[in-house]
A.B. asks: 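Once you've had a glance at the structure underneath, I'll fire off some questions.
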Amino acid sequence: MAIRVKVLGCRRLVLLFVFLGLLLEAQAGKIRYSVSEETDKGFFVGNIAKDLGLQPQELMERGVRIVSRGRKQLFALNLRSGSLVTAGRIDREELCAQSVRCLVSFNVLVEDKMKLFPVEVEIIDINDNTPEFQLEEVEFKMNEITAPGTRIPLPSGQDLDVGMNSLQSYQLSSNPHFSLDAQQGSDGSQQPEMVLQSPLDREEEAVHHFLLTAFDGGNPARSGTLRIRVQVVDANDNPPAFTQAVYHTSVPENVPLGTRLLMVKATDPDEGANGEVTYSFHNIDHKMAQIFHLDSYTGEISSQEPLDFEEYTIYPMEIQAQDGAGLMARAKVLVKVLDINDNAPEVTITSVTTSVPENFPPGAIIALISVHDQDSGDNGHTSCSISGNLPFKLEKLDDNYYRLVTEKTMDRELTSQYNITVTATDQGTPILSTETHISLQVTDINDNPPVFPQDFYSTYILENNPRGASIFCVTAHDADSNENAQVTYSLVEDTIQGVPLSSYISINSDTGVLYALRSFDYEQFQDLHLRLMARDSGNPPLSSNVSVSIFVLDQNDNTPEILYPALPTDGSTGVELAPRSAEPGYLVTKVVAVDRDSGQNSWLSYRLLKASEPGLFAVGLHTGEVRTARALLDRDALKQSLVVAVQDHGQPPLSATITFTVAVADSIPEVLADLDSIETSSHPDNSSFTLHLVVAVAAVSCVFLAFVIALLVLRLRRWHRLRAQTSASVLAGLPASHFVGVDGVRAFLQTYSHEVSLTADSRGSHVIFPQPNYADTLISQESGEKKDFLSVPQSLLEDKKETFSQVNLL
């Protein structure tokens, strides 16, 4: 229960205010209670919840608990009632010995706010100890000539209680020779003395027996007795005398056992037994009597148990010297214990947090630490530190408390766990220290997006792939952990040629494997460009993108396509024209083909697969040109059937063939005659159409022959004129392009090649003849005048470039 200030009187209003001020000051500081010793376990001490301003049920919720440095927990919290109770039997004498006030201090920690409330409980003494004497019987020897009024100091009784419960009075049993007188000591204690009232007569009574009783002031009062035996001896007129009234010595607390601490000396001038002095402890505490040993003959004091500065800083003793006749003298001995640094600091983790998120703000409390050193002076001064380059720091609080707080933000991806070593060091010599370890786990937050190892990926796939084929695998790594590092993959929606990308490609959301949803065609598109997204499972989720290019590789899946010669639509073979006078190497026709594939798959080669006259024709391997391999003979058939194969260079190679007929004739009429011979009797209705065809061909042939004759005449005239006017030296300097000979005419004629395609059905046949461009006119090199429309442009002769018109004969 809280300490109440009792007001003894109300003489003045000012006195009342003083007491009220003291009460408020006491309440504003520590929480104070009092309880009697020897109470049962669970005895009510005070309503701690009320004094903390909390409800009883809040004690457990807010982590309220007692924090103390004591080796034994004296008090406990009743979390149901919110009261402070005793944790067991309390012995005031064991805690505070003879102290007037026995105060037990501890702290109450409200853990959720890391706040300490100091509490002080006064232990009230009860009369539970009986006054005792160190000895059960004491013997004195008195000379019979001792004068009345002589005082004989008696052993003092000891009562461990304090106040009124301590030893209050002595009583000596009734006798005719001695009375009791109690003297007040400097420390307030009573020193009993026996006073001789009448002379002693050894012959009358040699021994006297008394009983000294010590009483305390308790209710009921307790008492203890001491038997006193007084032996009357012959006269001894010189008592022993000490060389010093007070003996001082200082020894370190780690002095070895058995070490001589000091020696007391008392002398007696008497002779014989009256001069023999013996030494003994007088009025010494029981525990002290066990620590020190006094040689009764030499007066040497030595240690027989370890000294402890933390228990006693000064050991006071009283030494009594007595001669053989019973005369006594006393001296005081003060043994001062020097503290040595024999106690390492004690570190107590009062409260600690074992795990924090990585975004824990700077200044957040991790642990509350208490440091205590039982030594004194510099040996008891402590400092606390943490080792290593850690993102934490210690902040000192009152009463040697420290709190461990974060100094900067942590990153779990760099360090997921911290082993914090807290070192407490004193300032003694040698320096002693204590280490304690705190393990702190840093929990993850989603602060890292998935990361692809590359910014761009490219891969290849052969066309005509099966549906569902695996194309490529991407992997993104997330530096976070658990669900924050679980990555799912998806396509960023797009279109390819107006079709959604998702109809071409799919991705496994867990593994990142790309699959083809359809078979790709290189001829349709050669590459796909898409973007992939990697998203983690954190909250909020984080994502990143990466570009992927898929290149479709060509396969040899297209056969060569022959564009020329074009096959008639009725299924018959085409006819090409070769003059009978054609020399070896004459260009009959050219097979033109293309392949939709690319690269090596589109490289084409031509070969003559089959010919009705082997060795007559040859096909250019790479050009597809069909030329005569030798001169035509009269025995050669007018119709030559050729089969040309076109093959690509793919693996495996693909090929196509075309079959056409080469008609051999020297002139157009022969061609027409051959056409008549080719025509079958199965088409009598086509005679009129054939007649018109023949007339048209004849007219075109006449125009062509007239053009050739005119060209030859013009060239011959020009050649003769230039030869007459120009010397040989001049002729040597002229460019060769100004002369046209037989080779030039032949080249011109070859340039003006014609094509005749004949079929058995004359309605499906067609003949192609060259037609000069009459829009162009030749300008004479000499006069610059315009010639007639039959003149051939010089550029036509020099460059051998002609234009052709096609006449389709239906």
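Fair warning: this is a prediction, and the values are worked out from it, not measured in the lab.
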A.B. asks: Looking only at side-chain N and O atoms, does Tyr401 offer a donor or acceptor that is under 3.5 Å from a partner on Asn107?
C.D. replies: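 Distance-only check passes for Asn107 and Tyr401.
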
A.B. asks: Just by distance, with hydrogens left out, do Gln374 and Glu346 show a side-chain donor and acceptor under 3.5 Å apart?
C.D. replies: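 There is such a pair between these side chains.
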
A.B. asks: Between Glu463 and Tyr522, is there a donor-acceptor pair closer than 3.5 Å when you use the side chain of the first and the backbone of the second?
C.D. replies: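 Yes; judged by distance alone, with no hydrogens or angles, the pair exists.
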
A.B. asks: Regarding Ser547 and Tyr457, do their side chains bring together a donor and an acceptor under 3.5 Å, going by distance alone?
C.D. replies: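 Side-chain D/A pair, Ser547 to Tyr457: absent.
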
A.B. asks: Would you say the side chain of Ile366 lies within less than 4.5 Å of the side chain of Val405, judging by non-hydrogen atoms?
C.D. replies: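 Not touching, per the 4.5 Å side-chain cut-off.
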
A.B. asks: Is the centre of the Tyr418 ring less than 6.0 Å from the centre of the Phe392 ring?
C.D. replies: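 Centroid distance Tyr418-Phe392: below 6.0 Å, so yes.
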
A.B. asks: Under 4.5 Å between any side-chain heavy atoms of Val347 and Glu435, yes or no?
C.D. replies: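 Side-chain contact under 4.5 Å: no.
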
A.B. asks: Salt bridge between Glu120 and Arg32, side-chain N to carboxylate O under 4.0 Å?
C.D. replies: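 Salt bridge present between Glu120 and Arg32.
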
A.B. asks: If I take atom CG from residue Asn558 and atom CG from residue Asp648, how far apart are they, to the nearest 0.5 angstrom?
C.D. replies: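 Spacing of CG (Asn558) from CG (Asp648) equals 9.0 Å.
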
A.B. asks: Kindly say whether Ile550 contributes a backbone atom to a donor-acceptor pair with the side chain of Thr459 at under 3.5 angstrom?
C.D. replies: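 No; judged by distance alone, with no hydrogens or angles, the pair does not exist.
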
A.B. asks: Going from CZ on Arg596 to OG1 on Thr559, what distance comes out if it is rounded to the nearest 0.5 angstrom?
C.D. replies: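 If I round to the nearest 0.5 Å, the distance is 10.0 Å.
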
A.B. asks: How long is the straight-line distance from CD of Glu358 back to CG of Asn446, given to the nearest 0.5 Å?
C.D. replies: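 Nearest 0.5 Å value for the CG-CD distance: 9.5 Å.
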
A.B. asks: Using the benzene-type ring in the case of Trp, are the ring centres of Tyr504 and Phe525 under 6.0 Å apart?
C.D. replies: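 Ring centres of Phe525 and Tyr504 closer than 6.0 Å.
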
A.B. asks: Decide side chain to side chain contact (heavy atoms under 4.5 Å, CB included) for Ile66 and Leu77; before the verdict, give the C-alpha distance in whole Å, the side-chain angles of both, and the deciding distance to 0.1 Å.
C.D. replies: CA-CA 8 Å; Ile66 294 175; Leu77 291 176; 3.9 Å; yes

A.B. asks: If we ignore hydrogens and angles and just use 3.5 Å, is the side chain of Gln55 paired with the main-chain N or O of Gln57 as donor and acceptor?
C.D. replies: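 Side chain of Gln55 to backbone of Gln57, a donor-acceptor pair under 3.5 Å: no, none is there.
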
A.B. asks: Give a yes or no answer on whether the side chain of Gln600 reaches the backbone of His649 with a donor-acceptor pair at less than 3.5 Å.
C.D. replies: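 Yes, the answer is positive, given that a donor and an acceptor are paired below the 3.5 Å cut-off.
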
A.B. asks: Are Thr488 and Arg535 linked by a side-chain donor-acceptor pair shorter than 3.5 Å?
C.D. replies: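 Absent: no donor and acceptor within the cut-off.
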
A.B. asks: Give a yes-or-no answer on whether the side chains of Tyr489 and Asp510 include a donor-acceptor pair shorter than 3.5 Å.
C.D. replies: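 Not at all, the side chains of Tyr489 and Asp510 share no donor-acceptor pair under 3.5 Å.
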
A.B. asks: Go through the side-chain N and O atoms of Asp373 and Asn379 and say whether any donor and acceptor fall under 3.5 Å apart.
C.D. replies: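 No.
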
A.B. asks: Using distance alone, with no hydrogens and no angle criterion, decide if Ser439 and Gln417 have a side-chain donor and acceptor under 3.5 Å apart.
C.D. replies: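 The criterion, which ignores hydrogens and geometry beyond distance, is satisfied for Gln417 and Ser439.
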
A.B. asks: Just verifying a value: how many Å separate Gln497 CD and Leu528 CG, rounded to the nearest 0.5 Å?
C.D. replies: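 Rounded to the nearest 0.5 Å, the CD-CG separation comes out at 9.0 Å.
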
A.B. asks: Roughly how far, to the nearest 0.5 Å, is the OG atom of Ser351 from the CG atom of Leu109?
C.D. replies: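 Leu109 atom CG to Ser351 atom OG measures 5.5 Å (nearest 0.5 Å).
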
A.B. asks: Does a salt bridge link Glu407 with Lys393, judged by any charged N lying under 4.0 Å from a carboxylate O?
C.D. replies: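 So Glu407 does not pair with Lys393 through a salt bridge.
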
A.B. asks: Let me know which of Asn448, Asp444, Asp480 forms a side-chain hydrogen bond (donor to acceptor under 3.5 Å, both in side chains) with Arg412.
C.D. replies: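 It is Asp444, the one option of Asn448, Asp444, Asp480 that forms the side-chain hydrogen bond (donor to acceptor under 3.5 Å, both in side chains) with Arg412.
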
A.B. asks: Any chance you could measure Ser83, atom OG, to Asn47, atom CG, to the nearest 0.5 Å?
C.D. replies: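 It comes to 6.5 Å.
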
A.B. asks: Determine, stepwise, if the pair Asn254 / Asp342 fulfils side-chain hydrogen bond (donor to acceptor under 3.5 Å, both in side chains).
C.D. replies: CA-CA 8 Å; Asn254 63 342; Asp342 59 342; over 6 Å; no

A.B. asks: Are the side chain of Ser605 and the backbone of His622 linked by a donor-acceptor contact shorter than 3.5 Å?
C.D. replies: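 No, the answer is negative, given that no donor and acceptor are paired below the 3.5 Å cut-off.
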
A.B. asks: Determine whether a donor-acceptor pair (N or O, by modelled atom type, separation under 3.5 Å) exists between the side chain of Asp554 and the backbone of Ser598.
C.D. replies: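 At least one qualifying donor-acceptor pair exists.
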
A.B. asks: Will you find, in the side chains of Asn601 and Asp595, an N or O donor that is under 3.5 Å from an N or O acceptor?
C.D. replies: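 The criterion, which ignores hydrogens and geometry beyond distance, is not satisfied for Asp595 and Asn601.
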
A.B. asks: Any side-chain to backbone donor/acceptor pair from Thr406 onto Lys408? Under 3.5 Å, distance only.
C.D. replies: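 Answer holds: no.
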
